[in-house]
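Only heavy atoms go into these numbers, but all of them, side chains included; no hydrogens, no water, no symmetry mates. Please read these numbers as outputs of a predicted model, since none were measured by experiment.
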Amino acid sequence: MTTTDTPRKVDADSVPALSKRRPRSGRSGGLRRAVPATTLLWVLAALYGLPVLWFVLSSFKPAGDLFSLPLTLLPHDPTLSGYKTAWDSANFSQYFINTTIVCVIATLLTVGVSCCTGYALAKYDNKWLKVFFVGILATTMLPSEVMLAPQFLVVRDLGLYNSLAGIILPALLTATGCFMFRQFFLTVPDELIEAARIDGARELSIFLRIMVPISRPIMLTLAILSFQWRWNDYIWPLLMLNDPEKFTVQIGIQSLVGAQNINWSVLLGGSVISMIPLIVVFLVFQRYVMNADINAGLKD
């Protein structure tokens, strides 16, 4: 006679209890692991943010309080005289217009040229393209000051000296932008392109309708970086421009520095004014970069 063990009945109330306990331990473990990393990020943010905060708050101090001892973070008598004097002494409205024209046009052209170049370098097999890519990367190994003289001679011979176009032209192709797009397009499966070709799509249509939309996160990232580069550029506009009506913001800030002395309150006010457009651009476009799905359209 054989006996069979009947399975012990499991209490139905114990199953939900177990299922409720396990996620709680997982959440607590994840929280313990996240606390050190979060603390480190806050410490780094404070280290980077404190000088900026000191810089901004010092722009509201009178000139006599900037170097008074003991140094204080908060201004005792906040004033906007530095901002008003900076705005009145320099033609900031014209500087902002000139710089905005340069930044917008240069950013659009840089993103477009870099996108086309990166796609060609990633998806077309040609030895000369590889040589061209090495040449582009080689430009990052040289100091920018080394290339100032050749660039100046080329732009001058093209008749673009003392013009905004002379500032925009050398900024069209950047090694950083080409590298970013090339690395991104290398992650796009070749099967996606082959499928489009089988369906009868032409190369230009594949690029404009498939590659450009899925590369939107890279485009927005490069657009923010390019706008920042062009807005903060000082040496090249200083070499190219001699007409005060065509000066950019950074040259306008330099004009606030006197020959004998420096009014630091005015200089800080003008510097903070020049930062406002960059902050606005970053706040507007950062959510598009952070929320964009880089792998959109690439599901197997």
Side-chain angles (χ1 to χ4, degrees), residues 89-121 128-129 131-182 207 212 218-257 270-271 273-278 280-281 285:
S89 59
N91 191 7
F92 266 100
S93 58
Q94 185 63 42
Y95 298 158
F96 270 99
I97 294 175
N98 297 337
T99 312
T100 301
I101 294 174
V102 171
C103 291
V104 172
I105 297 177
T107 298
L108 294 177
L109 294 177
T110 299
V111 172
V113 173
S114 300
C115 185
C116 296
T117 307
Y119 175 71
L121 294 174
W128 295 112
L129 285 177
V131 174
F132 180 63
F133 179 61
V134 174
I136 293 176
L137 292 182
T139 59
T140 62
M141 304 175 189
L142 296 173
S144 58
E145 291 79 5
V146 175
M147 297 181 290
L148 286 178
Q151 287 181 355
F152 178 81
L153 294 177
V154 171
V155 174
R156 185 199 62 182
D157 293 342
L158 291 175
L160 299 178
Y161 178 71
N162 195 28
S163 65
L164 298 181
I167 303 176
I168 297 172
L169 183 62
L172 294 185
L173 187 65
T174 61
T176 303
C178 295
F179 183 78
M180 289 172 58
F181 277 102
R182 177 184 179 273
F207 174 71
V212 171
I218 309 300
M219 297 176 68
L220 292 175
T221 303
L222 180 60
I224 294 175
L225 294 176
S226 178
F227 192 93
Q228 179 184 359
W229 295 336
R230 303 288 80 80
W231 190 274
N232 290 328
D233 196 5
Y234 171 71
I235 297 296
W236 184 245
L238 183 63
L239 292 176
M240 289 301 302
L241 303 175
N242 58 13
D243 185 2
E245 294 297 325
K246 298 179 181 179
F247 281 175
T248 58
V249 170
Q250 303 306 324
I251 303 179
I253 295 176
Q254 189 272 340
S255 65
L256 298 176
V257 179
S271 301
I273 293 174
S274 69
M275 293 169 52
I276 295 176
L278 292 179
V280 172
V281 169
F285 289 101

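Partners of T140 according to the side-chain contact (heavy atoms from CB on, under 4.5 Å) rule, which considers only residues two or more places apart in sequence or in another chain, are A175. Shown here are the side-chain hydrogen bond (donor to acceptor under 3.5 Å, both in side chains) partners of Q151, two or more places apart in sequence or in another chain: there are none. Evaluation of the ring-ring contact (aromatic ring centres under 6.0 Å, His included) rule for F152 yields Y161 as partners, not counting sequence neighbours. For L278, the side-chain contact (heavy atoms from CB on, under 4.5 Å) partners at least two apart in sequence or on another chain are F227, Q228, W231, N232. In terms of the side-chain contact (heavy atoms from CB on, under 4.5 Å) criterion, residue partners of V280 (sequence neighbours excluded) are, by chain and number, I276, V284. Looking at residues two or more places apart in sequence or on another chain, you find no ring-ring contact (aromatic ring centres under 6.0 Å, His included) involving F179. With sequence neighbours left out, the side-chain contact (heavy atoms from CB on, under 4.5 Å) criterion links S144 to no other residue.
Nearest approach of G270 to F92, heavy atoms of both residues: CA-CZ, 4.0 Å. Contact record, A120 with L129: O-CD1, 3.6 Å, taken as the closest heavy-atom pair. Looking at every heavy atom in both residues, T174 comes nearest to S114 through OG1-OG, 4.0 Å. Residues M180 and T221 share a closest heavy-atom pair of CE-CG2, 4.0 Å.
Rounding to the nearest 0.5 angstrom, the gap separating the CG atom in L172 from the CG atom in L109 is 5.5 Å. A distance of 11.0 Å separates CD1 in I105 from OG1 in T110, rounded to the nearest 0.5 Å. Taking CG of L225 as the reference point, atom CG of L220 lies at 11.0 Å (rounded to 0.5 Å). Taken to the nearest 0.5 Å, the CG atom of L153 stands 11.0 Å off from the CG atom of L158. From M147, atom CE reaches atom CG of L142 across 6.0 Å, with rounding to the nearest 0.5 Å. Interatomic distance, CG of L121 versus SG of C116, reported as 11.0 Å (0.5 Å rounding).
I167 is listed as a side-chain neighbour of L241, based on a closest heavy-atom distance under 4.5 Å. Side-chain contact between F132 and T117 is present, with heavy atoms from C-beta onward closer than 4.5 Å. V212 is listed as a side-chain neighbour of M219, based on a closest heavy-atom distance under 4.5 Å. Inter-residue side-chain proximity for D233 and T248 is flagged as unmet; no heavy-atom pair is nearer than 4.5 Å.
In terms of modelled atom types and a separation under 3.5 Å, the side chain of W236 and the main chain of G166 share a donor-acceptor contact. A donor-acceptor contact shorter than 3.5 Å is absent between the side chain of S226 and the backbone of L222.
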Please tabulate, for the side chains in residues 93-101, all donor-acceptor contacts under 3.5 angstrom to protein atoms that are two or more places apart in sequence or on a different chain.
residue : atom : partner : partner atom : Å
S93     : OG   : N91     : OD1          : 3.2
Q94     : NE2  : N98     : OD1          : 2.9
N98     : ND2  : Q94     : O            : 3.2
N98     : ND2  : E245    : O            : 2.8
N98     : ND2  : F247    : O            : 3.0
T99     : OG1  : Y95     : O            : 2.7
T99     : OG1  : V249    : N            : 2.9
T100    : OG1  : F96     : O            : 2.6

